[in-house]
Amino acid sequence: MKIFNLSIECYPVAKVGGLADVVGALPKYLNKIDGIEASVVMPWYNKPFVQEHSFEIVFDGWIHQHNDSFQVIVMKERSNVLGFDLYLVKIPGLLDRDNPYGYWDESQQFLAFQHGVLHWLTAMKIRPDVLHCHDYHTGLVPFMVENCPEFNFLKGVKTIGTIHNGEYQGIMKWEMLDYFPWFDGSKVGLLDWNGFLNPLATMIKCCHAFNAVSGGYMDELFENFRGLESLLRNEHSKAYGIINGIDTDVWNPKTDSFLDYNYDKKDAIPGKQKNKNALCKEYELNPDLPLFSFIGRFAGEKGADFLPAIVQKAIQETEGLLNFVVLGSGDKNIENQLLDLSKTFSNFALDLGYKEYLSHKIYASSDFLIMPSRVEPCGLNQMYAMRYGTIPIVHYIGGLRDTVEDLSTGGSGINFSEASAEETVHAIHRAMIIYNNKELMNDLVNSNMNYDFSWEHSAQRYLELYRK
Ligand code: ADP
Ligand code: GLC
């Protein structure tokens with residue numbers, strides 16, 4: 001069975017968040033199963049991975065968008081270094097940039113990507129069994145395959161849509177229709193939701209099946225899906241929830257080359273302490289105090305706006321008996337507030353920016369990782385934390401409730417029921433009690449490392465869906 005994953009991000013080529021981690025791991029694990037051939041197709045970016053690896057050109061053609069023609073070059077990575085075939089689609093003038101997001105003509109870029117991929121497959125007579133589309137950026141593919149005469153060769157190919165984040169739907173103005181490949185005009189209603197062109201809604205209408213990245217999040221979408229609730233109810237028979245896994249080759253404290261000290265279950269307590277000592281030294285923190293951390297985008301979904309109040313209250317209420325490390329960037333207002341706090345409190349370290357290596361060090365060094373997310377479709381941080389023997393403190397929502405059970409019922413972390421600074425700090429007080437009970441704390445570190453979140457299970461669930 002031939003599966004093409006279409007995505008805007010893929011680790012380690014280009015990563016902004018968890019979408020990249022998922023797309024960089026799922027096909028690798030699928031390929032371990034007999035008879036499965038999974039690959040990734042993504043835009044070309046001006047990134048180190050692309051410069052450092054060798055690619056062969058497998059297609060060179062043209063697409064027409066509006067009044068322009070664009071060259072489409074598809075290249076394939078030669079050595080299969082990622083454990084799957086990796087195809088990059090380069091469209092000079094549109095898909096030849098530094099980053100996945102943040103350009104004024106983003107909608108046109110995503111349209112060109114989808115158009116370019118289908119044009120290539122059609123021209124080269126490549127007919128996969130499944131086109132697996134990730135998020136709204138590739139959400140128009142199921143529509144295009146069925147309704148654009150140009151891609152008649154692909155008609156009937158099965159399409160699956162994965163919703164990594166329903167907050168982003170890719171809504172566009174109707175003028176963008178000019179940038180679509182020519183399609184059967186009687187089908188225009190499939191592109192409409194509440195008067196707008198909505199690629200995520202179109203994906204849900206047109207694909208053969210779709211899933212959210214956890215069962216918990218899929219349940220929540222029925223209640224709150226930014227206006228798509230009734231659509232979801234209409235299409236519920238195609239809806240699935242499949243929890244993400246983690247790539248245990250990349251995320252392994254025993255072999256992780258980003259860590260100062262490697263460790264495994266046998267020497268986790270001293271191993272984590274050595275990493276913590278090194279990190280605390282770097283940030284001038286006291287390594288004898290519990291270390292709480294946050295890693296992520298400074299966005300409302302992540303509850304990052306609570307961070308300034310959380311840090312301040314937690315440090316003041318414990319009279320400075322804890323350390324905080326925050327790694328992330330995003331909303332400038334949050335960045336500035338945190339910067340001010342980092343100058344006020346010596347036990348708060350802030351690193352603004354995106355630093356893959358540092359995230360690994362923080363997962364390994366921390367005692368607790370906080371996730372006060374308002375919305376969390378799956379969340380990978382809590383699973384990475386557990387794999388590194390760190391205790392997650394999470395708002396009980398979406399994928400977090402599917403992966404972190406509270407300690408009081410024998411689980412791996414601390415849950416709180418409302419996304420707020422107060423509730424998070426209350427949970428931090430519970431964590432302090434646990435930290436001061438060394439025996440309990442050490443047991444938790446060890447037992448958290450035993451959880452198996454590997455992709456093997458979830459890849460099987462995707463396989464069942466593909467087979468269906
Ligand atoms: P989302 O995709 O919504 O941002 P996830 O929990 O699914 O959330 O995944 C976030 C991923 O991005 C994790 O791999 C996390 O370690 C990583 N990450 C987030 N912010 C940063 C950062 N500032 N530096 C390094 N890695 C980060
Ligand atoms: C999105 C979600 C996150 C999820 C990730 C990977 O970015 O916000 O919760 O883990 O996709 O599926």
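Whatever order the structure lists them in is the order used to number ligands and atoms, beginning at 1. Keep in mind that the numbers below use all heavy atoms, side chains included, and drop hydrogens, waters and symmetry copies. These figures come from a predicted structure and were not determined experimentally.
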Within reach of ligand 2, part of V22 (heavy-atom separation under 4.0 Å):
side chain
Taking only Lys NZ, Arg NE, NH1 and NH2, and the carboxylate oxygens of Asp or Glu, determine whether D331 and R297 approach each other closer than 4.0 Å.
no
Can you check whether G18 has an N/O within less than 3.5 Å of an N/O in ligand 2?
no
Heavy-atom distances under 4.0 Å are what count here, so tell me which part of V375 touches ligand 2: side chain, backbone, both or neither.
neither
So, are K15 and E356 salt-bridged, with charged N and O less than 4.0 Å apart?
yes
Just jot down the ligand 2 atoms closer than 4.0 angstrom to any heavy atom of N165, in number order.
8 (O)
In a check of ring pair (Phe, Tyr, Trp, His ring centres under 6.0 Å) between Y363 and each of F294, F258, Y357, W251, which one passes?
W251
Any idea which atoms of ligand 2 are less than 4.0 Å away from a heavy-atom of V213?
12 (O)
Enclosure of E52 CD (heavy-atom neighbours >12, cutoff 6.0 Å):
yes
Under-4.0 Å salt bridge between D305 and R374
yes
Quick check: N244 and ligand 2, any N/O pair under 3.5 Å apart?
yes
Would you please indicate if the ring centroids of H137 and Y101 are separated by under 6.0 Å?
yes
Around atom 10 (O) of ligand 2, find the nearest protein heavy atom and jot down its residue, atom name and distance.
G379 N, 2.8 Å
For atom CZ of F196, is the number of surrounding heavy atoms from other residues, nucleotides or ligands below 6.0 Å larger than 12?
no
Can you pull out the closest protein heavy atom to atom 1 (C) of ligand 2? Residue, atom name and distance to 0.1 Å, please.
H164 O, 3.2 Å
Qualifying salt bridge (charged side-chain N to carboxylate O under 4.0 Å, His left out) pairs with a residue from residues 375-397, counting only residues at least two apart or across chains:
K302-E376
Considering only non-hydrogen protein atoms, determine which one is nearest to atom 3 (C) of ligand 2 and report residue, atom name and distance to 0.1 Å.
E376 OE2, 3.5 Å
Ligand 1: which residues have a non-hydrogen atom closer than 4.0 Å?
K15, G17, G18, D21, I295, G296, R297, K302, L327, G328, G353, Y354, K355, E356, S359, Y363, G379, L380, N381, Y384
Within the side chain of N224, is there an N or O that forms a donor-acceptor pair under 3.5 Å with the backbone of E220?
no
Is it true that H132 and Y466 have ring centroids separated by less than 6.0 Å?
yes
